[in-house]
Amino acid sequence: MKLIGGIAKYTRGLSDRSVAWLFILPTIALLLAINIFPLIWMIRLSFTNLNLSMSYLPLRLVGLDNYTDVLTDEDIWNRLQMTANFVICSVGLEVFVGFSLALLINRQFRTHSFWTTIILLPMMLSPAVVGNFWTLLFQPQIGPFNYAVSLFTGIAPNSFSMTGEVALAPWTIVLVDTWMWTPYVMLICLAGLRSIPDYIYEAAEVDRASTWRQFWSITLPMVMPFLMLAVLFRAIENFKMFDMVNLLTSGGPGSTTEVINITLKRAAFEKWQTGYSSALAIILFVTVFGAANIYVKVLNRVKQR
């Protein structure tokens, strides 16, 4: 009680702005400690030759050598291309299926609340659980996925492996990510559909506009900012994809599904190339940050129309 009374006595003479800063400062200090300081330290390390497997070597500055090595590494560009393909395919499928489900749920039929809850279940699971769950489903001998495919195609269940074949493994990642995060896109699209005033559709019906015409002239343009927002969020998250890929395929077979973050992990924690991996992480950060900024500017222009 004495402590509370002392705090109240101290803050009594402060302005509202000062009191607000007093409450915000601990959070700012925590963010600086958790986010900003490690980022600054990583930038510093990216200009050094630090390799923890050879810690006996003296630490020295190497300038932009690590950045040059990253940008001239053909394997890095291949991993970036693979990551971009994964982002485009998975986000495209999630937006298409998510928007379709949102249109269906928005009709508010009798059991729409129940089915909405069922659809949202995958999103509530952690990527680690989803990775292990689908790893079991894709097992050629005991997994039900191969038997389901065999039921519809007649192919022998043990004649193919979704996670072990070069042609199928990338689509395995896309399939699992789409299954998990389509509900997230559906929620954003559903919020956009629910924000459209009913009187706009009523006016369109008075003008005898068909359902298809209402969709192209009213629904799609007014939901477009929400769709673009969903694309932005999912593209950023998919570009950072690591845990699910690591659990499902570990980047294999070979390096078929080795997204850029798997490469970063191997450089940092298997080869212990701390300086090199720090430079790679900074390049990825700048790439995502720059692309997101450009995308947000385009999104703002769409919203102003």
Side-chain angles (χ1 to χ4, degrees), residues 20-73 75-84 86-87 90-91 126-128 131 177 181 184 228-247 250-251 258-300:
W21 274 107
L22 193 63
F23 281 101
I24 292 172
L25 278 176
T27 303
I28 294 177
L30 185 64
L31 288 174
L32 288 174
I34 294 176
N35 294 327
I36 306 301
F37 174 74
L39 178 61
I40 295 174
W41 188 256
M42 184 171 62
I43 293 173
R44 176 183 176 276
L45 291 179
S46 69
F47 295 104
T48 68
N49 67 330
L50 181 62
N51 188 321
L52 294 180
S53 65
M54 297 184 289
S55 56
Y56 53 86
L57 294 177
L59 185 67
R60 60 183 178 85
L61 294 175
V62 295
L64 298 175
D65 288 355
N66 288 325
Y67 291 91
T68 303
D69 291 341
V70 170
L71 294 175
T72 56
D73 190 341
D75 288 338
I76 294 295
W77 288 104
N78 290 334
R79 305 296 176 267
L80 283 171
Q81 183 179 0
M82 193 276 153
T83 304
F86 162 69
V87 170
S90 58
V91 173
S126 70
D177 189 77
W181 291 111
Y184 177 80
M228 294 183 67
L229 198 63
V231 170
L232 175 65
F233 290 157
R234 290 305 310 141
I236 292 175
E237 287 299 316
N238 280 6
F239 196 84
K240 299 187 300 180
M241 174 65 68
F242 169 77
D243 39 12
M244 190 183 298
V245 179
N246 193 45
L247 286 167
S250 297
E258 187 174 324
V259 293
I260 192 64
N261 290 299
I262 298 287
T263 304
L264 177 60
K265 187 266 290 188
R266 289 177 176 171
F269 301 111
E270 294 179 11
K271 301 177 182 178
W272 301 105
Q273 298 172 331
T274 307
Y276 177 89
S277 59
S278 297
L280 176 56
I282 294 298
I283 290 173
L284 295 179
F285 170 75
V286 171
T287 302
V288 175
F289 184 78
N293 268 339
I294 296 172
Y295 191 89
V296 168
K297 290 181 180 179
V298 176
L299 175 60
N300 289 332

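These numbers come from the heavy atoms of this one structure, side chains and all, not from hydrogens, waters or symmetry mates.
There is no side-chain donor-acceptor pair under 3.5 Å between Ser46 and Asn66.
Here Ile260 contributes atom CD1 and Asp75 contributes atom CG; the two are 9.5 Å apart, rounded to the nearest 0.5 Å. The structure places CD of Gln273 at 11.0 Å from OG of Ser278, a figure rounded to the nearest 0.5 Å. If you take CG on Asn35 and CG on Leu39, they are separated by 8.5 Å, rounding to the nearest 0.5 Å. For the atom pair Leu280 CG and Thr263 OG1, the distance stands at 7.5 Å (nearest 0.5 Å). Remark: Leu299 CG to Ile294 CD1 distance equals 14.0 Å, nearest 0.5 Å. For the atom pair CG (Asn49) and CZ (Arg60), the distance works out to 4.5 Å, reported to the nearest 0.5 Å.
Contact check for Arg79 versus Val259: no side-chain heavy atoms found under the 4.5 Å cut-off. Residues Ile76 and Ile283 are not in side-chain contact: their nearest non-hydrogen atoms beyond the backbone lie 4.5 Å or more apart. Residues Thr274 and Asn51 are not in side-chain contact: their nearest non-hydrogen atoms beyond the backbone lie 4.5 Å or more apart. Taking the side chain as every heavy atom from C-beta outward, Val91 and Trp181 never approach each other to under 4.5 Å.
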* Asked: Could you go step by step and tell me if Leu50 and Leu57 meet the side chain to side chain contact (heavy atoms under 4.5 Å, CB included) rule?
  -> CA-CA 8 Å; Leu50 181 62; Leu57 294 177; over 6 Å; no

* Asked: Yes or no on side chain to side chain contact (heavy atoms under 4.5 Å, CB included) for Glu270 and Lys265, after CA distance, side-chain angles and deciding distance?
  -> CA-CA 7 Å; Glu270 294 179 11; Lys265 187 266 290 188; 3.0 Å; yes

* **Chi angles and distances behind the salt bridge (charged side-chain N to carboxylate O under 4.0 Å, His left out) call for Lys240, Glu237** => CA-CA 5 Å; Lys240 299 187 300 180; Glu237 287 299 316; 3.4 Å; yes

* **Residue pair Leu232, Val296: steps toward the side chain to side chain contact (heavy atoms under 4.5 Å, CB included) verdict** => CA-CA 8 Å; Leu232 175 65; Val296 168; 3.9 Å; yes

* To do: Start with the C-alpha gap between Phe86 and Phe239, add the side-chain angles, then the distance that decides, and say whether ring pair (Phe, Tyr, Trp, His ring centres under 6.0 Å) holds.
  => CA-CA 8 Å; Phe86 162 69; Phe239 196 84; 10.0 Å; no

* Could you go through the side chain to side chain contact (heavy atoms under 4.5 Å, CB included) check for Asp177 and Asn238 one step at a time? => CA-CA 9 Å; Asp177 189 77; Asn238 280 6; 3.1 Å; yes

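Annotation for Met228 and Val298: closest pair CE-CG1, 3.9 Å, computed over non-hydrogen atoms. Residue Ala292 comes nearest to Ile236 through the heavy atom pair CB-CD1, 4.2 Å, listed as atom of the first residue, atom of the second, then distance. Nearest heavy atom pair, residue Ser53 against residue Lys271, reads OG-O, 3.8 Å. Looking at every heavy atom in both residues, Phe37 comes nearest to Ala33 through CB-O, 4.0 Å. Residue Leu247 comes nearest to Ala128 through the heavy atom pair CD1-CA, 3.3 Å, listed as atom of the first residue, atom of the second, then distance.
Proximity of a side-chain donor or acceptor of Trp77 to a complementary backbone N or O of Leu71 within less than 3.5 Å is detected. Without hydrogens or angle criteria, Asn261 side chain to Met241 main chain gives a donor-acceptor distance under 3.5 Å.
Using bins of under 30°, 30° to 60° and over 60° for the plane-to-plane angle, the ring pair Phe285/Phe289 lands in the parallel bin.
Exactly one of Thr48, Val62, Asp73 qualifies for a side-chain contact (heavy atoms from CB on, under 4.5 Å) with Tyr276. That residue is Asp73.
Around atom CZ of Phe242, more than 12 heavy atoms belonging to other residues, nucleotides or ligands sit under 6.0 Å away.
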